[in-house]
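Worth saying up front: this structure is predicted, and the values here are computed from it rather than measured. No hydrogens, no waters, no symmetry mates; every other heavy atom, side chains included, goes into these values. The sequence lines fix the lettering, A, B, ..., with proteins before strands; numbering per chain opens at 1.
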2 protein chains.
Amino acid sequence: MNGAQSLIRTLVDCGVDTCFMNPGTSEMHFVAALDSVPEMRGVLVLFEGVATGAADGYGRMADRPASVLLHLGPGLGNGLANLHNARKGKVPVINVVGDHATYHKRYNAQLESDIETVARNVSSWVRWSLRSEDLGADAAEAVMAAMGPPAQVATLIIPADTSWLEGGRVAPPAAGRKPSPVAGEVIDAVAKILTSSEPAALLAGGSAVRARGLTSASRIANKTGCKLLCETFPTRLERGAGVPPIERLAYLAEFAAMQMDGLKHLILVDAKAPVSFFAYPGKASYLVPEGCAVHVLAADTDDAPAALEALADRVGANGGETIQSLSRPARPTGPLTAETACQAIGALLPEGAIVSDEGNTTSALYGPMMTAGAPPHDWLCLTGGAIGQGLPVATGAAVACRDRRVLCLESDGSAMYTIQSLWTQVREGLDVVTVLFNNSSYAVLNMELSRVGVHASGPKAKEMLDLHQPDLDFTLIARGMGVPATRATTAEEFCDQLERALAEPGPSLIEAIVPSLL
Amino acid sequence: MNGAQSLIRTLVDCGVDTCFMNPGTSEMHFVAALDSVPEMRGVLVLFEGVATGAADGYGRMADRPASVLLHLGPGLGNGLANLHNARKGKVPVINVVGDHATYHKRYNAQLESDIETVARNVSSWVRWSLRSEDLGADAAEAVMAAMGPPAQVATLIIPADTSWLEGGRVAPPAAGRKPSPVAGEVIDAVAKILTSSEPAALLAGGSAVRARGLTSASRIANKTGCKLLCETFPTRLERGAGVPPIERLAYLAEFAAMQMDGLKHLILVDAKAPVSFFAYPGKASYLVPEGCAVHVLAADTDDAPAALEALADRVGANGGETIQSLSRPARPTGPLTAETACQAIGALLPEGAIVSDEGNTTSALYGPMMTAGAPPHDWLCLTGGAIGQGLPVATGAAVACRDRRVLCLESDGSAMYTIQSLWTQVREGLDVVTVLFNNSSYAVLNMELSRVGVHASGPKAKEMLDLHQPDLDFTLIARGMGVPATRATTAEEFCDQLERALAEPGPSLIEAIVPSLL
């Protein structure tokens, strides 16, 4: 058994049975070893940013890591942005980077570079696996590191000779760490705050915004009158009919300030104290209102859902959560806009759907509102702010959940970062419907330009935010990668196309031509 | 004057008047400042890998840097692979990375990451510019650092408040360093070797493979009988009718060994001693034959063309260089293959063309041979081995050389890394003809799989190298980005389409359907 075979066998034994890959020569023994471990599924992608984003989407839905296979420093660079998003979203990923053979590195060949310095940007766990004999054990440790808590991107750098030499040893799964129970005194202290008369809010994120945590949080809010807030870009929010609703903190600091206005206590539940996404001249970076104390109920290493249950018990809130009722908007008619498109999505979203949302000035504004009462579904957000996440995350989520429909809400600007995802969706026969909001603009930047204090921008500046000249035709681009695609310019067309797309197996794309809001 | 304005004014004063950009919020003041410095040209791209590759192509042709503008750590990650190629090719690039405002960094906002650790992978010169007052001077120093010699990627990291605060000061251009003259004793020593009876070769690269260096090298070879070799993937090779020809060292070690067989002396002229691109089990990494001594005539900090002139003088070779005569192949007929397509290119390549070559199992094999006697042109190679370079380099070369035709020879696999380049070619009205060799395969990896010792690969391994299922249709993808595109399946069709494309202004793409060689 060579090193590569021991690696793949160990990964499978540890529950990692999917690898999104874009291999090169230094990874050829990993590729060859796929045939010796039938349980490992290799998913080919055309660009590394798709591999890493797909692993992110997979990890969010499977609650265990997929692996990615990348080609030396440049391949890791190509995958870095979506690993950043996974890092910020605390998603488990096994990041396998092939390297030159150990004895070849000193020759400074063309693809030689300092891989580790790049890896450190996204991974606090980085391991060079320098001997075939150790590769299995290193892999088992990588899986444990990736699982956390908190979950993270664990990077294993594998010289080619570690893969190809004999002597590989399969390692047993390492014992995983469990989330820490939250101490009774902490529960007591938070209970005391919530049962005082001072205005308070729970700010939940991470593991606390699945149905179990939301149920307890809602009971607590109903019993104590505290406000219930969700972090702005949750990794995976369970929502819809039958699930207790939660209000997401707004992206724009002005709106977030209104949501937190008057609070005296902000209780963090696997979430961080809110800060502005970017700095703006003369505006605050730290968004917690003055005079509002911040308390931690559960950190990211803690068992947040259990802490919420204990807190609910402690405040005597044993039942009585608010349940979102089933309530869809009507099918829209008339002009197609971000709003009417999202209305149509609310009208048609199937039960159990997974929504990957990267429509930053379109679906992110209207989507949550319009789908609040749709059948239960998961909502996956742009956790790290690095655009180009939506299509790959949708792809990986569909690989993880073969029996569920995935809806990808994507923007023109962001889509062009990782558009190659569409090809893998066809290759794998994934049930992903992409709604491509085309407003021919980096619309979010038009907004940001004035928010950073540029009020009279000139023609050269405006040109840098404009995606006309030439117009992108996403139906052609999609078809070029084998994805059936249609274009909608009215709400009626959009409804019909979405209904049809959701009824068909396999991927499809609807280009929604919408005016830019900004 | 704010920091951003001082930055752009300083760059322009230092001769850097082009910026390939994909900005975000933290770069909005840079974008706004474009209108205050009319000489700076902003070129919008849809993905950072296009920006960095375009800067590479621009730098190769202009012999001075373009700047790129990237968005924090993830934007730098997206641009890293082509910065790696620029680094390996010793191409000057000013790599400007926006960051959060200084006071915002401590809040660990979503896009916060360790930018510098990523930058160190590609830049030995990295500077955080923390005060508006210093930004101009930092920019002038960055330009000097980028110009070298050797030329390099210089990274300037700019917090948003450094850009937006007033107090910017324009800095004068820093005095550039000159290449070092090579000492007379070194010339004498090399002359002595070359005039001995022992078999020797000059191995030239970098600045030595432009017409001036090639002329002296050819004279030396003709006078002394030494062999003339060029590094495998030169940054910019001047060649064609009227230019002294030079033999490129082969990619495959077996062929390179034959080229160097029997040598007793290898003289390096701005080139490194040849090593294998990758390690292969049981094969040598270092390719210089046993018993062959390696000598350095000129390092990358030296004036290599002047050293060759001095050496030519010293061996008494004052004239008598070999000049490549004009000699084109006939227009091919019959089946379209990599070979007949390259024959057509040889028959039709216009004078002064710039060829960006990334057809690793197609044009890289047949292109140089078929175009050897074409009118004079430049040939740009994959310097760092990170694929996805061809289309961006072609784009940047066309921006640098408005009066020349650019021909991009690209493969299906590599093209999909940075296909977004096509959009910028339309937007900028660039005269780039892309020949897209579509063989539905990562063909080079099929070759590498057996070269690394995997002789009986299984179906799962083979699937990872196959680009059928679905077939990519590059004519649709190109049209989706506004580029006129045709498909050729016979040599006659290809000739007609190439002739027409070269006669038309603006970009176009020809999808050449060819069988996979391997």
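- By the 6.0 Å contact criterion, CD on A:Glu166 is enclosed, its count of non-hydrogen atoms from other residues, nucleotides or ligands being greater than 12.
- Neither the backbone nor the side chain of B:Arg451 comes within contact range of chain A, judged by heavy atoms closer than 4.5 Å.
- Heavy-atom distances place both the backbone and the side chain of A:Trp423 under 4.5 Å from chain B.
- Between A:Phe278 and B:His29, a ring centre-to-centre spacing not shorter than 6.0 Å is recorded.
- If you measure heavy-atom distances from B:Val452 to chain A, the contacts under 4.5 Å come from both the backbone and the side chain.
- Contacts between B:Ser36 and chain A at a heavy-atom distance below 4.5 Å are absent for every atom of the residue.
- With sequence neighbours left out, the ring-ring contact (aromatic ring centres under 6.0 Å, His included) criterion links B:Tyr251 to B:Phe277.
- Of the atoms belonging to A:Asn108, heavy atoms from both backbone and side chain fall under 4.5 Å from chain B.
- If you measure heavy-atom distances from B:Ile115 to chain A, the contacts under 4.5 Å come from the backbone alone.
- No part of B:Pro159 comes within reach of chain A, as not one of its non-hydrogen atoms sits under 4.5 angstrom from that chain.
- Of the atoms belonging to B:Ala160, not a single heavy atom falls under 4.5 Å from chain A.
- A heavy-atom distance below 4.5 Å is not found between the side chains of A:Leu72 and A:Ser113.
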**Asked** Yes or no on salt bridge (Lys or Arg N to Asp or Glu O under 4.0 Å) for B:Asp473 and A:Arg479, after CA distance, side-chain angles and deciding distance?
**Response** CA-CA 8 Å; B:Asp473 182 330; A:Arg479 282 181 216 141; over 6 Å; no

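- Of the two parts of B:Asp471, only the backbone, made up of N, CA, C and O, holds a non-hydrogen atom closer than 4.5 Å to a non-hydrogen atom of chain A.
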